[in-house]
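First the proteins, then the strands, lettered A, B, ... as listed; each starts at 1.
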Protein chains: 2
Amino acid sequence: MSRAPRGAARARLIEAARRLVRLKGFAAATVDEICAEAGVTKGAFFHHFASKEALGVALVQDWSAMTGAMFAAHPYNALPDPLDRVFAYIDLRRDLLDQPLPEITCVAGTTVQEVYAQSAAITAAAQESLQSGAAHVLGHLREALAAHPVAGVTAEGLARQFQVAVQGGIILAKGAGDAAPAREALDHLERYLRLLFGR
Amino acid sequence: MSRAPRGAARARLIEAARRLVRLKGFAAATVDEICAEAGVTKGAFFHHFASKEALGVALVQDWSAMTGAMFAAHPYNALPDPLDRVFAYIDLRRDLLDQPLPEITCVAGTTVQEVYAQSAAITAAAQESLQSGAAHVLGHLREALAAHPVAGVTAEGLARQFQVAVQGGIILAKGAGDAAPAREALDHLERYLRLLFGR
DNA sequence: TCAAACATACCAACTGGTCGGTATTTTTTC
DNA sequence: GAAAAAATACCGACCAGTTGGTATGTTTGA
């Protein structure tokens, strides 16, 4: 148990919270536990965060930034055809499912389930995260719909359906104890899009 | 605060747990709180349930039975055409979304998010509940696919996608503070089915 | 009259949070 | 550019209230 370098406590606390929240949810992840996992004392915790709720907000915001950077940096964004980008994004999300259940868990999705009626601040952060998650495909979908309009379908609504498939897939995966249903959810989403766009 | 009639404690505890778990999740719903909400003492709680986990199992099982009975009793099951039944089921689920967020929350879905790595017993009950939820449309989908086969699509997989749309929709709804995204998720599911079956 | 259905009182462990203190930077002042 | 001052980062003991759970009653219906 080597002591962590000075200045790293905040980041370590968020990382630890991410691991624990994905494993057991926000309420069940206690402050003491998070501190122990981060190798930091409670003094440090409440130096960086005014409350457990404040940590929750920071955790979800960090999650948003982390996943956002990851998707933005991915090479699939360079494909010329927008619909190719959409399908490549689905492939990417499918690849991400080759991990243990805690690691495929969405921090924003799990957390908002628990706190939507408890903490407006965390809920707002989660909403932002879910929206920014949908925003990754939004541009591609807009282009694709511009080239091939579909009656009654908006890019925003379709982008939200990506989140629906991802979040719903995670729940089924947790029930089954296996990521397979989450993969299947993406398969159906892809089939839906191919039918919509005639591919 | 009139005292509840004798023999009703167990049922009242499950009802209270259902309300509280839907509102704040399983971990955050404490035993004391559940007892207070049920108008019952802790002695009664631990008379009927060996532990909080045992209550969780009973809660999810009760949820399964409750929703199961509700869907089974619905008139839509009498429609002659299987695909009509499928679309009527979607309509029904859409109607159910005209309620406050806690009431549109799925007990099995929320709970499994928290406990999948904590309690095998509750997870198993939740899996059973999610499966039996999918089973409501399974029969109709089987018939519909028998009359109109679709390459690469199974009735089981399609039934699971219903759960994906429902569960994913709930998460987006909680983030948005409004049921609209959940309704939209069902709209997309319906459009998908119409494309698959050529309606 | 006896077991089941509750109530009451209690407990050890843990909960989020506070507080006084110390080590380390950074900023200011001359 | 060094000493002094002021933040900042972190520690760990402590606190009041709460947690799930227990042990021991009392009531009630068959």
Name each donor-acceptor pair under 3.5 Å that joins a side chain in residues 34-44 of chain B to protein atoms two or more places apart or in another chain, with its distance.
residue, atom, partner, partner atom, Å
B/Glu37, OE2, B/Arg19, NH1, 3.0
B/Lys42, NZ, B/Asp32, OD1, 3.1

*What's the CG-P distance between A/Leu13 and C/dG16, to the nearest Å?*
13 Å

Atom pairs under 3.5 Å, N or O on each side, protein against nucleotides 14-21 of chain D: can you list them with distances?
residue, atom, partner, partner atom, Å
D/dG20, OP1, B/Lys52, NZ, 3.4
D/dG20, OP2, B/Val31, N, 2.9
D/dG20, N7, B/Lys42, NZ, 2.9
D/dG20, O6, B/Lys42, NZ, 3.4
D/dG21, OP2, B/Lys52, N, 2.8
D/dG21, N7, B/Lys42, NZ, 3.4
D/dG21, O6, B/Lys42, NZ, 2.9

*With sequence neighbours left out, write down each residue that passes side-chain hydrogen bond (donor to acceptor under 3.5 Å, both in side chains) with B/Lys52, or none if nothing qualifies.*
none

*With axes from five pairs an end, tell me the bend angle of the helix from C/dT1-D/dA30 to C/dC30-D/dG1, nearest 10°.*
20°

_B/Arg183 and B/Asp98: CA distance, side-chain angles, deciding distance, side-chain contact (heavy atoms from CB on, under 4.5 Å) verdict_ = CA-CA 9 Å; B/Arg183 249 174 257 121; B/Asp98 288 330; 3.5 Å; yes

*Does the side chain of A/His47 get closer than 4.0 angstrom to OP1 or OP2 of D/dA9 through an N or O atom?*
yes

*Between B/Gly169 and A/Val164, what is the shortest heavy-atom contact and its length?*
N-CG1, 4.0 Å

_Among D/dC11, D/dA9, C/dA7, the one nearest B/Ala44 by side-chain distance_ = C/dA7

_Restricting to side-chain hydrogen bond (donor to acceptor under 3.5 Å, both in side chains), what partner residues turn up for B/Arg10, sequence neighbours left out?_
none

*Between A/Asp81 and A/Arg199, is there a side-chain N and carboxylate O pair less than 4.0 Å apart?*
yes

*Under the side-chain hydrogen bond (donor to acceptor under 3.5 Å, both in side chains) rule, collect the residues that match up with A/Glu190, sequence neighbours excluded.*
A/Arg94, A/Arg194

*asked:* For residues 117-146 of chain A, which residue pairs pass the ring pair (Phe, Tyr, Trp, His ring centres under 6.0 Å) check, not counting sequence neighbours?
replied: A/Phe71-A/His136, A/Tyr76-A/His140

*Expressed in angstrom and rounded to an integer, what is the separation of A/Phe49 atom CZ from D/dT8 atom P?*
16 Å

*For B/Ser64, which residues count as a side-chain hydrogen bond (donor to acceptor under 3.5 Å, both in side chains) partner, sequence neighbours excluded?*
B/Ser129, B/Ser132

*Would you find a donor on one side and an acceptor on the other, under 3.5 Å apart, between the side chain of B/Arg85 and the backbone of B/Pro80?*
yes

Any N/O pairs under 3.5 Å between the protein and nucleotides 22-27 of chain C? List them or say none.
none

*asked:* For B/Arg93 and B/Tyr89: C-alpha separation, side-chain torsions, deciding distance, then whether side-chain hydrogen bond (donor to acceptor under 3.5 Å, both in side chains) applies.
replied: CA-CA 6 Å; B/Arg93 298 233 56 143; B/Tyr89 176 74; 3.0 Å; yes

*Using a cut-off of 4.0 Å on non-hydrogen atoms, how would the nucleic acid contact of A/Ala8 be classed: base, sugar-phosphate, or nothing?*
sugar-phosphate

_Neighbours of DNA chain D within residues 111-124 of chain B, by heavy-atom distance under 4.0 Å_ = none

*Which pairs count as side-chain hydrogen bond (donor to acceptor under 3.5 Å, both in side chains) when at least one residue sits in residues 152-161 of chain A, sequence neighbours excluded?*
A/Arg142-A/Glu156, A/Arg160-B/Glu184

*Please give, in whole Å, the distance from C/dC14 P to A/Lys24 NZ?*
12 Å

_All pairs passing ring pair (Phe, Tyr, Trp, His ring centres under 6.0 Å) where residues 47-69 of chain B contributes a residue, at least two apart_ = B/Phe45-B/Phe49

